Amino acid sequence: MANFAKPGGPQFSVDVYQNEYLPEGGREVNAIVTVTARGGTAPAGPGASAAVVLMVDCSGSMDYPPTKMRNARDATAAAVDTLRDGVHFGIVDGTHVAREVYPGGGRLAVADSTTRAQAKQALRRLGAGGGTAIGTWLRLADRLLAGTDVSIRHGILLTDGRNEHESAAELKDTLDACAGRFTCDARGVGTDWEVKEVTGIASALLGTADIVADPARLTEDFTRIMESTMGKEVADVALRVWTPVGTRIKFVKQVAPSVAELTDRRSEAGPRAGDYPTGSWGEESRDYHLCVEVPAAGLGQEMLAARVSLVTAQPDGSVQNLGAQGLVRAVWTDDMAASTSLNAQVAHYTGQAELAQAIKEGLDLRKAGDMDGATAKLGRAVQLAGVSGNADTAKLLAKVVDVVDAPTGTVRLKAKVAEADEMTLETRSTKTVRVKK
């Protein structure tokens, strides 16, 4: 384990958990890499180095029921109140076009008592009408955020409907253009939006996604998001993975606090090294699963399979090494007990990833009318949730299936399932629990 403290920011550490022993001929090395950031500056620290744009859905459907629009205005006002002095911020009205609500003029305001009051006054004028083209909201947010000299750039996006006024390809092009430029949390309010759209936005922009089925809960949720954003201190952190000649990285994925695939997001970083983006960090801890294929070697031999370090992008385009480092090893042995022992961390997160996949496949099969297939997949999900102690996911599954016997994964599909319950399970299916110490 190595530690590094960025001046004025948190101290990073890297811990590696693995069973490094392989049988003769063994080639696959698995490791859980825990990255922890601790001890940042005082709460007032990041202020001037952060910028946030709030994107509020103002399409016509936000008027049904009328309380939904009022809840969205109140939630955005609460988020504005949570901004610290010195943070740059703006509000965007999103329909089939994007419009600056506050401050306007293609710029962002700087938070203080005056600008917060002005922003909340501007929010009172928001009304519902028009369609939905989320890509236009994101592109406007990108332009506004790009005009600020800050290190943390973040968006918060709220929608209640499907992205009906632009194609899926147009939205993907926008996400590709915005990736790496700012992070974004996405929220779906009510039950008329598309889960894969909202989770896809958050995944592409390294943010969180969730459902707020009851619009009355928006204020609580927006406040929590903004508090988290205000705690971010180091932007654009990447896992840098170096591997020796003859090795191949099979996958890299985040496995806690949620499952997120990073393998295809690699950018080359010199000979045999690649960077995998993780977004912005405050005081927190995350786990990553690294799988490396190594050349076969003889008994008694050992090698360094991978070296994991942390880097952060600088405003001038350079990269700063954060110093924290972890080593993944491979040792070949004829000790069967050693080579067949599953590391507890690796086993746990392999199960959590399978749990998320089983839920996704089960719900897709249910929608497609394959009830036998859905029952099998969701039964497996119930079994995995029980084994891993993922009580929150188990509770969500119990709203979609009747659990006959959790240890064997024996379930029956419920005849009637509330749409909000099914969407909540789908949206939160990737959330994981950590290994019990």
Side-chain angles (χ1 to χ4, degrees), residues 55 57 94 132-135 137-138 141 154-164 166-180 182-213 217-218 221-222 224-225 228-229 253-265 276-280 286 288 352-368 377-378 381 385 390 392-393 396-397 399-400 417 419-433:
M55 293 159 273
D57 190 336
T132 305
I134 294 174
W137 316 354
L138 292 166
H154 193 79
I156 298 174
L157 185 149
L158 172 71
T159 185
D160 82 322
R162 293 172 174 81
N163 197 40
E164 295 175 337
E166 65 182 355
S167 67
E170 287 173 315
L171 178 57
K172 183 182 184 304
D173 287 345
T174 295
L175 292 172
D176 289 344
C178 294
F182 68 96
T183 55
C184 185
D185 294 316
R187 293 294 184 268
V189 60
T191 57
D192 293 327
W193 48 281
E194 179 60 51
V195 171
K196 288 180 174 60
E197 283 180 353
V198 170
T199 55
I201 291 165
S203 175
L205 301 182
L206 299 174
T208 64
D210 206 351
I211 179 174
V212 186
R217 303 293 298 273
L218 275 174
D221 189 74
F222 265 41
R224 185 166 54 246
I225 295 174
S228 174
T229 303
K253 64 178 72 173
Q254 178 182 287
V255 289
S258 61
V259 177
E261 184 62 64
L262 300 177
T263 310
D264 295 337
R265 305 184 72 161
Y276 299 86
T278 68
S280 302
R286 306 180 201 172
Y288 300 88
Q352 292 284 281
E354 185 187 349
L355 169 60
Q357 188 65 22
I359 291 171
K360 177 184 180 299
E361 292 176 0
L363 292 177
D364 285 347
L365 288 168
R366 185 177 179 277
K367 291 173 186 174
K377 288 293 182 182
L378 293 174
N390 196 330
D392 288 343
T393 298
L396 295 176
L397 281 162
K399 294 183 178 181
V400 177
V417 177
E419 193 169 14
D421 289 336
E422 183 174 354
M423 291 178 71
T424 301
L425 175 61
E426 185 176 1
T427 306
R428 298 179 182 171
S429 62
T430 60
K431 294 186 185 299
T432 58
V433 292

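As the structure is a computational prediction, the values presented were derived from the model and not from experiment. Below, each value reflects all heavy atoms present in this structure, side chains not excepted, and no hydrogens, waters or symmetry copies.
- Leu206 CG to Asp185 CG: the interatomic distance, rounded to the nearest 0.5 Å, is 10.5 Å.
- Taking Asp160 as the reference, Lys68 meet the salt bridge (Lys or Arg N to Asp or Glu O under 4.0 Å) condition, with sequence neighbours excluded.
- By the salt bridge (Lys or Arg N to Asp or Glu O under 4.0 Å) test, Glu419 pairs with no residue at all, sequence neighbours left out.
- Using a cutoff of 4.0 Å between basic side-chain nitrogens and carboxylate oxygens, Lys196 and Asp364 are scored as salt-bridged.
- Rounded to the nearest 0.5 angstrom, Leu363 CG and Leu378 CG are separated by 5.5 Å.
- The environment of NZ in Lys431 is crowded: more than 12 heavy-atom neighbours from other residues, nucleotides or ligands sit within 6.0 Å.
- Between the side chain of Thr229 and the backbone N or O of Ile225, at least one donor-acceptor pair lies under 3.5 Å.
- Atom NZ of Lys367 is surrounded by more than 12 heavy atoms from other residues, nucleotides or ligands within 6.0 Å.
- A salt bridge links Asp221 with Arg187: the distance from a Lys NZ or Arg NE/NH1/NH2 to an Asp or Glu carboxylate oxygen falls below 4.0 Å.
- Of the possible polar contacts, one joining the Arg162 side chain to the Asp192 backbone as a donor-acceptor pair under 3.5 Å is found.
- Closest non-hydrogen pair, Ala179 versus Arg265, comes out as CB-NH2, 4.4 Å.
- Within the 3.5 Å criterion, the main-chain N or O of Leu262 finds no donor-acceptor partner in the side chain of Gln254.
- Pairing each heavy atom of Ala141 with each of Phe182, the nearest pair is CB-CZ, 4.4 Å.
- When all heavy atoms are compared, the tightest approach of Ile156 to Cys184 is N-SG, 4.3 Å.
- In this structure, CG on Asn163 lies 4.0 Å from CD1 on Ile134, to the nearest 0.5 angstrom.
- Under the side chain to side chain contact (heavy atoms under 4.5 Å, CB included) criterion, Thr427 pairs with Trp193, Val195, Thr199, Asp210, Ile211, sequence neighbours left out.
- Residues Met55 and Leu138 are in side-chain contact: their nearest non-hydrogen atoms beyond the backbone lie under 4.5 Å apart.
- Heavy-atom minimum distance, Arg286 versus Ser280: NH2-O, 2.7 Å.
- Under the 4.0 Å criterion applied to side-chain N and carboxylate O atoms, Glu426 and Arg366 are not assigned as salt-bridge partners.
- Annotation: the span from Asp392 atom CG to Thr432 atom OG1 amounts to 11.0 Å, rounded to 0.5 Å.
- In this structure a side-chain-to-backbone donor-acceptor pair under 3.5 Å is present from Gln352 to Val433.
- Here the CD1-CG distance, from Ile359 to Leu425, works out to 5.0 Å after rounding to the nearest 0.5 Å.
- Note that CD of Glu261 and OG1 of Thr430 are 12.5 Å apart. Values are rounded to the nearest 0.5 Å.
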